Amino acid sequence: MPLDTAPNPSPLVAGLNAEQAAAVTLPAEHALILAGAGSGKTRVLTTRIAWLLQTGQVGPGGVLAVTFTNKAAKEMVTRLSALLPVNVRGMWIGTFHGLCNRLLRAHHQLAGLPATFQILDTQDQLSAIKRLCKQFNVDDERFPPKQLQYFIAGCKEDGQRPRDVPARDEETRKKVELYALYEEQCQREGVVDFGELMLRSYELLRDQDAIRAHYQRRFRHILIDEFQDTNRLQYAWIKLFSPPPMEGLDVAAGNAVFAVGDDDQSIYAFRGARVGNMADFVREYRVQHQIKLEQNYRSVSNILDAANHLIGHNQRRLGKNLRTDAGAGEPVRINESPSDFIEAQWVVDEIKSLVREETPRSEIAILYRSNAQSRVIETALFNAGLPYRVYGGLRFFERAEIKHALAYLRLIENPRDDTSFLRVLNFPPRGIGARSVEQLQDVARAAGCSLHDAVSAVTGRAGTAIAGFVAKIDVMRERSEGSHLKGIVELVLEHSGLVEHYRQEREGQERVENLEELVNAAESFVMQEGFGREAVALTQSPASQGLDLNVPVLDEPLAPDADTGETLSPLAAFLSHAALESGDNQAQAGQDAVQLMTVHAAKGLEFDCVFIVGLEEGLFPHENAMSDRDGLEEERRLMYVAITRARQRLYLSHSQTRLLHGQTRYNLKSRFFDELPEHCLKWLTPPQPSGWGGTGSAGWGGHRALGTPVPQPAWSPAWKAASAPAPEPDRGTPIKSGMAVFHNKFGEGKVLAVEGAGDDARAQVNFPRHGTKWLALSVAKLTPIE
């Protein structure tokens, strides 16, 4: 529709552009405001409310404004208070859950709730489901409590009570039965979860004609922020306050829905968001007023041109084109690296250059598609001494699944580590309760020994369960002897049950990817630290065949202890590295630090300089989305969100090889590069049309299947955990494998393996009282025992 460009006398709209002013001063009818990234959406929404109040079209009590975060709601209230001298407390401004809570508090009797009903957060809800399962003897392996939690939440998001859920098979029937029992438990205890807040308030409005009519008369103006993120139930809830004309219901005069959103930024389908709600709203409400806020106040035009061209490849969109008065600015820089290690180092070098140019570190963001990608970048930042902060998440070695895996690894290295023992004694769940743990701790305390050593003194069912856990650790330790570090980590992930446990979770894929990245972390650590034969094997592995990966392999492992000659095993050294990296370089509150985050976490944020890394097929766009058009369009919207976070400089990066799932893989560059306009790009490395050698079929333009691992020669021990050390040639040392020896500190032991020569020679010795240790023979002075 043409915009009214006539000057408006109101000071409220004096600083707005023509599109914004037209949106703010629309008549009291249904409207859709397509607000592009950085187009002043919050300002328009807030000024619209102020305009309605100032012109007398509605009083404070007649406004219902819905946001998606408490932060957004508070910001709206603060801005309104600054614009108008009115009491905003009478307005209903808040999140969906907050407003539903307010509605149910006001009508708790009609909603069938006690006046003092309490709200369960996500963790409280899970605890309630676990109590229920225990009470009814539910097999928690067949029906994990988290799976039941996701099932119940999904049903409520679809507006389904237990009676509404189609039970197609025996498993679904059991879940529906537990859903019904859970509802009875919550009703009996007077509690509601987040899903219940939404569903119960929807049912209240749907079933109580008088209540519904009251709020339809009261709320003459309904404003919804981030409309593209609404799910089916939230949209149905809105329709009860203002029914669409096509439903033939009475609508109070002036009962208008003002929806603000951007279908190009709809990236939460996995949470139930339905981008189709925007098109449905236009059709069902016969929307006459659609205004596009296309003037961008954030980015330079090269960045916006890239975003516009990219999103233009999506077919199911309402359509808009961002523009700016800020000028062309810097071109979008594109870099290609031989490996993910070098990609991370390139990012660090660029950040150092930006910091030298006086760019604050807090204005530099590194975005990635998957959380697991942060590990390589974190290591590079850590080694460079650059403080960083993982926004909206935890650093790699601080994530719960990684800490669980490290606890198992520590127990293999040292079974008497009580902290690690307690962390994974019942994780994944194996039926060991708090009372059994207390009994074990009491025995250990009385005997003055570790929990591991006290297990045999615990009797009964508890003792059997705990002994089973200890046996599992002992088996893993035996199987790991003589294995490479990568093989040990893979062994632990498989036999601990961690991977299988997280695969059963609704949103566990990201945790599984993090655990797989731990295998990569172990392999990378060995290559960089150079642990004897193991490092040599890795440098001979396919990852380094014919490729200049530029991964440093040191000539020697960590220096031996000056007194005992002990050298840390690769596992012990890796565990120390993990502890140090998780504890150091963490930015303090308020400290100037580089920002790391997933693209999903970056929505709503903006930075002067943005790096988007890992732009390869199967990673971004993600392999899970590439088989269907809707999934690919959502991935493209996600890339659009990533690009539009940048104000001044944007860097896009991809690598030829990347460690994925413990294997080095060739990568095809992301299709998104081909969807960007050449005029706004600057290739820091020339685009490679073919293989790295120029003609190979496995390279850029070749025909190797997506994500195909590099061929793995059977002779390379780096890809398989060795069952025993390889036979050693005679190195001129009197210490041989299988020999009994004596050490001044550790006593008698048996030599398991010998490697190296001269001053570099070292032996792996098993001491009955001190475990297995690597000793530098030039320092340890082992004495053979006849």
Side-chain angles (χ1 to χ4, degrees), residues 264-265 267 302-303 305-315 331-344 346-347 350 365-374 376-377 513 597-600 602 610-646 650-661 664-678 680-692 698-709:
D264 290 335
Q265 295 189 72
I267 60 173
N302 277 331
I303 293 172
D305 286 351
N308 288 331
H309 278 73
L310 175 90
I311 202 64
H313 287 77
N314 272 4
Q315 297 176 9
V332 177
R333 291 168 168 83
I334 298 178
N335 181 70
E336 175 188 356
S337 300
S339 73
D340 49 351
F341 298 100
I342 301 174
E343 177 187 51
W346 169 78
V347 170
E350 287 293 325
I366 306 172
L367 310 186
Y368 34 81
R369 175 64 180 84
S370 169
N371 239 319
Q373 290 173 257
S374 77
V376 175
I377 299 167
E513 290 176 359
M597 67 196 74
T598 63
V599 182
H600 281 103
V610 170
F611 293 82
I612 308 175
V613 298
L615 283 167
E616 296 129 33
E617 288 289 292
L619 193 54
F620 200 179
H622 197 276
E623 58 188 353
N624 293 346
M626 292 170 62
S627 58
D628 109 308
R629 184 175 69 174
D630 289 344
L632 189 55
E633 292 212 346
E634 173 128 347
E635 288 292 298
R636 193 173 283 113
R637 291 194 293 269
L638 196 58
M639 182 63 179
Y640 175 83
V641 167
I643 290 173
T644 53
R645 299 309 95 198
L650 176 64
Y651 299 81
L652 308 180
S653 175
H654 60 95
S655 68
Q656 296 171 344
T657 65
R658 185 175 298 274
L659 274 172
L660 287 174
H661 316 307
T664 299
R665 295 173 181 258
Y666 291 111
N667 301 314
L668 299 175
K669 67 176 181 179
S670 172
R671 68 189 68 194
F672 295 152
F673 284 109
D674 296 329
E675 298 174 0
L676 301 176
E678 280 294 333
C680 67
L681 306 180
K682 178 180 181 180
W683 294 82
L684 302 181
T685 48
Q688 306 262 346
S690 60
W692 298 295
W700 246 189
H703 304 289
R704 183 179 295 281
L706 171 65
T708 301

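All residue numbers in this chain count up from 1 along the given sequence. Quantities reported herein were computed from a predicted structural model and do not represent experimental measurements.
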Asker: Looking at A642 and V610, what are the two nearest heavy atoms and their distance?
Answerer: O-CG1, 4.3 Å
Asker: Are the side chains of N371 and E513 in contact, using a 4.5 Å heavy-atom criterion?
Answerer: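 They are not in side-chain contact.
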Asker: Taking the basic N atoms (NZ, or NE/NH1/NH2) and the acidic carboxylate oxygens, is any pair closer than 4.0 Å for K669 and E336?
Answerer: no
Asker: Test V332 against L652 for side chain to side chain contact (heavy atoms under 4.5 Å, CB included), laying out the working first.
Answerer: CA-CA 7 Å; V332 177; L652 308 180; 3.8 Å; yes
Asker: Could you go step by step and tell me if R645 and V599 meet the side chain to side chain contact (heavy atoms under 4.5 Å, CB included) rule?
Answerer: CA-CA 9 Å; R645 299 309 95 198; V599 182; over 6 Å; no
Asker: Atom CD in E633, atom CG in D628: separation rounded to 0.5 Å?
Answerer: 9.5 Å
Asker: Would you say the side chain of L676 lies within less than 4.5 Å of the side chain of D305, judging by non-hydrogen atoms?
Answerer: no
Asker: Suppose we screen for side-chain contact (heavy atoms from CB on, under 4.5 Å). Which residues come up paired with E635, at least two apart in sequence or across chains?
Answerer: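 In terms of side-chain contact (heavy atoms from CB on, under 4.5 Å), with neighbours along the sequence ignored, E635 is linked to R369, F620, P621, H622, A625, L638, F672.
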Asker: Can R636 and E675 be said to form a salt bridge (charged side-chain N to carboxylate O under 4.0 Å, His left out), step by step?
Answerer: CA-CA 10 Å; R636 193 173 283 113; E675 298 174 0; 2.8 Å; yes
Asker: To the nearest 0.5 Å, tell me how far S337 OG sits from N667 CG.
Answerer: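 It is 11.5 Å, given to the nearest 0.5 Å.
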Asker: I'd like to know whether R658 forms a salt bridge (charged side-chain N to carboxylate O under 4.0 Å, His left out) with E616, so could you lay out the CA-CA distance, the side-chain angles of the two residues, the decisive distance to 0.1 Å, and finally the verdict.
Answerer: CA-CA 10 Å; R658 185 175 298 274; E616 296 129 33; 2.7 Å; yes
Asker: Give the minimum heavy-atom separation between L619 and G614, together with the two atoms involved.
Answerer: CD2-O, 3.5 Å
Asker: What I'd like to find out is whether the side chain of L632 reaches to under 4.5 Å of the side chain of R671, using heavy atoms alone.
Answerer: yes
Asker: Determine whether Y651 and W346 satisfy the following criterion, side chain to side chain contact (heavy atoms under 4.5 Å, CB included), listing intermediate values before the conclusion.
Answerer: CA-CA 11 Å; Y651 299 81; W346 169 78; 3.9 Å; yes
Asker: I'd like to know if R637 and E634 make a salt bridge, using a cut-off of under 4.0 Å between side-chain N and carboxylate O.
Answerer: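 Between E634 and R637 there is a salt bridge, with a charged N closer than 4.0 Å to a carboxylate O.
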Asker: Looking at CG of D340 and OG1 of T657, how far apart are the two atoms once the value is rounded to the nearest 0.5 Å?
Answerer: 6.0 Å
Asker: So how far is it from I311 CD1 to Y640 OH, rounded to the nearest 0.5 Å?
Answerer: 6.5 Å
Asker: With a 4.5 Å cut-off on side-chain heavy atoms, are H654 and N335 touching?
Answerer: no
Asker: Any chance you could measure F673, atom CZ, to L668, atom CG, to the nearest 0.5 Å?
Answerer: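 These two atoms lie 12.0 Å from each other.
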Asker: Between L367 and M597, does a side chain to side chain contact (heavy atoms under 4.5 Å, CB included) hold up when you go through it step by step?
Answerer: CA-CA 5 Å; L367 310 186; M597 67 196 74; 3.4 Å; yes
Asker: Is there a side-chain contact between I612 and I643 in this structure, where contact means two heavy atoms from C-beta onward sitting under 4.5 Å apart?
Answerer: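 Yes. Closest side-chain heavy atoms under 4.5 Å.
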Asker: Quick check: closest heavy atoms across S370 and T598, and the distance to 0.1 Å?
Answerer: C-CG2, 4.5 Å
Asker: Excluding sequence neighbours, so at least two apart, what forms ring pair (Phe, Tyr, Trp, His ring centres under 6.0 Å) with Y368?
Answerer: none
Asker: State whether a side-chain donor-acceptor pair under 3.5 Å links E343 with S655.
Answerer: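 No.
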Asker: With heavy-atom distances below 4.5 Å as the criterion, would you say the side chains of I366 and V347 are in contact?
Answerer: yes
